[in-house]
Amino acid sequence: MKKYEKYPLYINNSLHRKKEKFEPLKAPHVGMYVCGPTVYNDVHLGNCRTFVSFDVMYRYLMHLGYQVRYIRNITDVGHLMDTGEDKMAERARLEQLEPMEIAQKYTRRFHHIMSLMNTLPPSIEPAASGHIPEQIQMVQAILDNGLAYEVNGSVYFDTKKYNEESGNYGQLSGRVLEELFSETRTLKNQDEKRDPADFAIWMKATDGHIMKWRSPWSKGFPGWHLECSAMSTKYLGKTFDIHGGGADLKFPHHENEIAQNVGACKVAPANYWIHTNMLLMNGKKMSKSDGNTITPEELMDGNNEHVSQGYDPMTIRFFFLQAHYSSTLDLSDHALQAASKGYQRLMNALKIAKNLRPEDYPAQGDAELDDKIQDQHDRCYLEMSNDFNTAKTLAVLFEMAGVLNDIDSGQIKTKQISSEAIKMLTNTFTVFLEDVLGLEKVQESSSKLDDVMQILLEIRQTARAEKNWALSDQVRDQLAEAGIKIKDSKEGTSYSL
RNA sequence: GGUCGCGUGGCCGAGUGGCUAGGCAGAGGUCUGCAAAACCUUGUACGGCGGUUCGAAUCCGCCCGCGACCUCCA
């Protein structure tokens, strides 16, 4: 019996605004598409939260026994500014680089950050610029189906006609087409559209535009929403299981994506839509465009006015997972400090778990304790299978940490706990912490500093043995002044920066 | 203005009809040469006013406050 049969997964499907049992099209295969970053500058922490959320879903799906194809795109074309200039092109102009250099540069930096945050790479990470033919084909298919029209080399999606035929425009975002553009904003190229709700799927490039490709309609570039439609269809098929992204993409991006897919392929793209909520700072959404942001580097270095110190990437990941992905989360220095302590507590317990040997324990233990551990094991699965409730799962892991500490301190005696229970406890704790939630022990620094510290700590240890408190305290205090804290414990003395 | 969501103890944050969320901080304790760290124990809560119910933080209504989206956004 597969784990996913034993612990059926329930997902809050934003398409229907309710929690539904997850039934993949072709179990054990699962196709998941997540909207990735636009690589015209560095990702900010809000982006990271989204990708960490989907990383945990990806990990848990795999842990349940599904074979997941996880697609996360890189947007490197077609995203326009209010001025009409492409975001990539604008950045290229500012940095005096080629647009593709910009894309490469920020893609590489994005990968670096994602790796620090311990997210697994997706199965395929397609770039929009590498899928122009597929996008042109899709424009053609929509035209062939009579749901788009060409004006002066640009092609627009006929939203009104689409809605008349399918009646579904606005289903995802809960919008009514007639009311949608009652208050019109002045936007570029509005004059070419038949209806304000129409949107470009192919745009003719203006003279100065650098990123452009040949198409049956003009030398131009695809509309922003089109890449996800084309690439999800190419790699996951016309209909697939899960489509995810930040809540701010619901409208218009995802709504238009659905319209394009249905318009081209006559079927809805994804059965389950998952939207992650926004990371806030000072109670306001973190957003690239209005400057209310903090980058992962700034947070890790502590080089930002909003934080008093740098935070380890794993602390940040833990901080994210303490809240449910569908809730807003307010970033603050205070909350991060709390997260740092809590995370450390789990890591201490992890160390204990890894040192326990089931063979040291008897075949029979205290039945009550065995039941407790069985219950904690079950709850880890039930909570994660309940719409990926990482907050609740962490709460169970903290309970398990308590048991591990009790074993370690002798509060729970060896004879009280069975070998099987120990196995289940350590295995569940380790697997959920590391494999499912992706939380790992902070890498110890392995520089010469370790050697130097070893020497200093030995000197201090000798002084202590000789009751030379003046010297031992001098070592401790002066190290503290240099920002190095030392911790005495039964196993010896360790240090941290 | 329209649509959607939120308001939980000092702070962060789960929970959705009766059963302890959890973390941090605070308090008490264990350990320790002292300290720190670590560990154990522990109090405090559901924005306001009504309603439904045997029973509501949880459902309904109104009010107050906050946020998101409404063609830049994860």
Side-chain angles (χ1 to χ4, degrees), chain A residues 17 34-38 40 43-54 79-83 87 170 173-176 179-185 187 190 196-200 223-225 244-253 255-256 275-280 283-290 293 318-319 322-324 326-332 334-346 348-349 379 383 386 389-399 401-402 405-406 408-409 411 464 467-469 472-473 476-477 480 485-490 493-494 496:
Chain A
R17 292 188 190 78
V34 172
C35 291
T38 304
Y40 68 101
V43 290
H44 64 67
L45 205 66
N47 303 101
C48 292
R49 182 193 181 198
T50 292
F51 300 131
V52 165
S53 296
F54 284 108
H79 226 139
L80 301 188
M81 319 277 298
D82 279 348
T83 58
K87 280 188 172 175
S173 55
R175 263 155 248 264
V176 180
E179 295 171 359
L180 202 45
F181 297 97
S182 47
E183 50 171 300
T184 35
R185 277 169 52 177
L187 288 161
Q190 285 295 333
D198 294 350
F199 53 94
W224 167 42
H225 314 300
D248 50 356
L249 296 182
K250 221 186 226 185
F251 188 88
H253 183 61
E255 198 68 71
N256 290 351
H275 287 96
T276 55
N277 219 323
M278 298 295 103
L279 183 66
L280 312 180
K284 296 274 185 204
K285 177 179 157 184
M286 197 173 282
S287 162
K288 271 191 198 182
S289 49
D290 66 15
T293 62
F318 172 82
F319 170 69
Q322 268 193 310
H324 192 255
S326 65
S327 302
T328 54
L329 174 62
D330 204 346
L331 179 87
S332 70
H334 200 69
L336 279 164
Q337 279 177 8
S340 174
K341 288 268 180 70
Y343 174 67
Q344 208 48 58
R345 189 169 148 82
L346 284 179
N348 288 339
R379 273 154 62 220
E383 300 299 355
N386 182 14
N389 195 331
T390 54
K392 209 62 194 278
T393 305
L394 280 168
V396 179
L397 291 175
F398 274 108
E399 282 180 36
N405 285 330
D406 283 347
D408 188 52
S409 67
Q411 287 284 111
R464 289 179 74 200
K467 297 194 194 298
N468 184 353
W469 309 130
S472 71
D473 289 356
R476 182 175 71 197
D477 296 344
K485 276 184 253 178
I486 62 177
K487 295 177 190 175
D488 295 326
S489 70
K490 273 172 275 181
T493 303
S494 61
S496 61

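Please read all numbers here as calculations on a predicted model, not as lab measurements. Numbers restart at 1 for each chain; the letters A, B, ... are given by sequence-line order, proteins then strands.
Residue A:Gly46 is classed as a base contact, given a heavy-atom separation below 4.0 Å to a base. Among the heavy atoms of the strands lying under 4.0 Å from A:Arg476 is at least one base atom, whether or not backbone atoms are also near. In this structure, A:Ala247 reaches neither bases nor backbone, as no heavy-atom distance under 4.0 Å exists between it and the strands shown. A:His44 comes within 4.0 angstrom of a nucleotide base, judged by non-hydrogen atoms across all strands. Residue contacts shown for A:Gly244 are absent, as no nucleic acid heavy atom lies under 4.0 Å away.
As a whole-Å value, the separation of A:Asp330 CG from B:U8 P is 12 Å. If you take NZ of A:Lys487 and P of B:A38, they are 6 Å apart, rounded to a whole angstrom. In this entry the distance linking CZ of A:Arg17 with P of B:C69 reads 16 Å, nearest Å. Whole-Å rounding puts the A:Glu255 CD to B:C4 P distance at 14 Å. In this structure, A:Gln411 places its CD atom 12 Å from P of B:C31, rounding to the nearest Å. For the pair A:His334 NE2 and B:G13 P, the interatomic distance rounds to 11 Å; values are reported in whole Å. Atom-to-atom, CD1 of A:Ile486 to C1' of B:C34 comes out at 13 Å; the value is rounded to the nearest Å. The interatomic distance linking A:Leu329 (CG) with B:A68 (C1') rounds to 15 Å, in whole Å.
Between B:G67 and A:Lys284, a contact under 4.0 Å exists linking OP1 or OP2 to a side-chain N or O. Close to B:C40, at under 4.0 Å from its OP1 or OP2, lies a side-chain N or O of A:Asn405.
For the C1' atoms, the distance linking B:U42 with B:C49 amounts to 35 Å, nearest Å. Comparing the P positions of B:C12 and B:A25 gives an interatomic distance of 15 Å, to the nearest angstrom. Rounded to whole Å, the C1' atom of B:C34 lies 40 Å from the corresponding atom of B:A45. Taking atom C1' in both B:C46 and B:G10, one finds a spacing of 16 Å when rounded to whole Å. A gap of 14 Å separates the P atoms of B:A57 and B:G9, to the nearest Å. Nucleotides B:G5 and B:G61 are separated by 12 Å at their P atoms, to the nearest Å. When the P atom is used for both B:G7 and B:G13, the distance is 10 Å, rounded to whole Å. Going from the P atom of B:C60 to that of B:C66 covers 23 Å, rounded to whole Å.
Between the side chains of A:Thr493 and A:Asp488, at least one donor N or O sits under 3.5 Å from an acceptor N or O. Looking only at atom types and distance, the side chain of A:Glu255 has a donor-acceptor partner in the side chain of A:Ser173 under 3.5 Å away. In this structure, a donor-acceptor pair under 3.5 Å is absent between the side chains of A:His334 and A:Ser332.
We find the OG-CG distance between A:Ser53 and A:Leu329 to be 9.5 Å, quoted to the nearest 0.5 Å.
Evaluation of atom-type donor-acceptor distances gives no pair under 3.5 Å for the side chain of A:Asn277 against the base of B:G5.
Contact record, A:Phe54 with A:Gly245: CZ-N, 3.2 Å, taken as the closest heavy-atom pair. Here the closest non-hydrogen pair linking A:Lys392 and A:Asn389 is N-OD1, 2.9 Å.
Of the candidate nucleotides B:G2, B:G33, B:A35, B:G33 has the atom lying nearest to any side-chain atom of A:Trp469. Distances were taken from every side-chain heavy atom of A:Phe251 (C-beta onward) to each of B:C70, B:C40, B:A74; the shortest belongs to B:C70. Set against B:C70, B:A74, B:G33, the side chain of A:Arg175 has B:C70 as its closest nucleotide. Listed candidates were B:A74, B:C34, B:G33. Nearest to the side chain of A:Asp488 is B:C34. When the nucleotides B:G13, B:A74, B:C39 are ranked by their closest atom to the side chain of A:Ala323, B:G13 comes out on top.
Judged by closest nucleotide on RNA chain B, A:Lys250 is the one of A:Lys250 and A:Lys467 placed further toward the 5' end. Projected onto RNA chain B by closest heavy-atom contact, A:Asn256 and A:Lys485 fall at different nucleotides, the more 5' of which corresponds to A:Lys485.
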Enumerate all atom pairs, one protein N or O and one N or O from nucleotides 15-23 of chain B, separated by less than 3.5 Å.
unit_1 : atom_1 : unit_2   : atom_2 : d
B:G15  : OP1    : A:Asn389 : ND2    : 3.2

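With a 4.5 Å cut-off on side-chain heavy atoms, A:Leu331 and A:Met286 count as touching. Residues A:Leu346 and A:Leu394 meet the side-chain proximity criterion, which asks for heavy atoms closer than 4.5 Å. Using a 4.5 Å heavy-atom cutoff, the side chains of A:Cys35 and A:His253 are in contact. A heavy-atom distance below 4.5 Å is not found between the side chains of A:Leu279 and A:His44.
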Taking Watson-Crick and G-U wobble contacts under 3.5 angstrom, with | marking pairs to another strand and [ ] crossing pairs, the secondary structure of RNA chain B is written (((((((..(((.....[...))).(((((.......)))))....(((((..]....))))))))))))....
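Applying the side chain to side chain contact (heavy atoms under 4.5 Å, CB included) rule to A:Arg379 yields the partners A:Asp375, A:Gln376, A:Val396, A:Glu399; only residues at least two apart in sequence or on another chain are considered.
Cation-pi geometry between A:Arg175 and A:Phe251 is met: under 6.0 angstrom from the ring centre, within 45 degrees of the axis.
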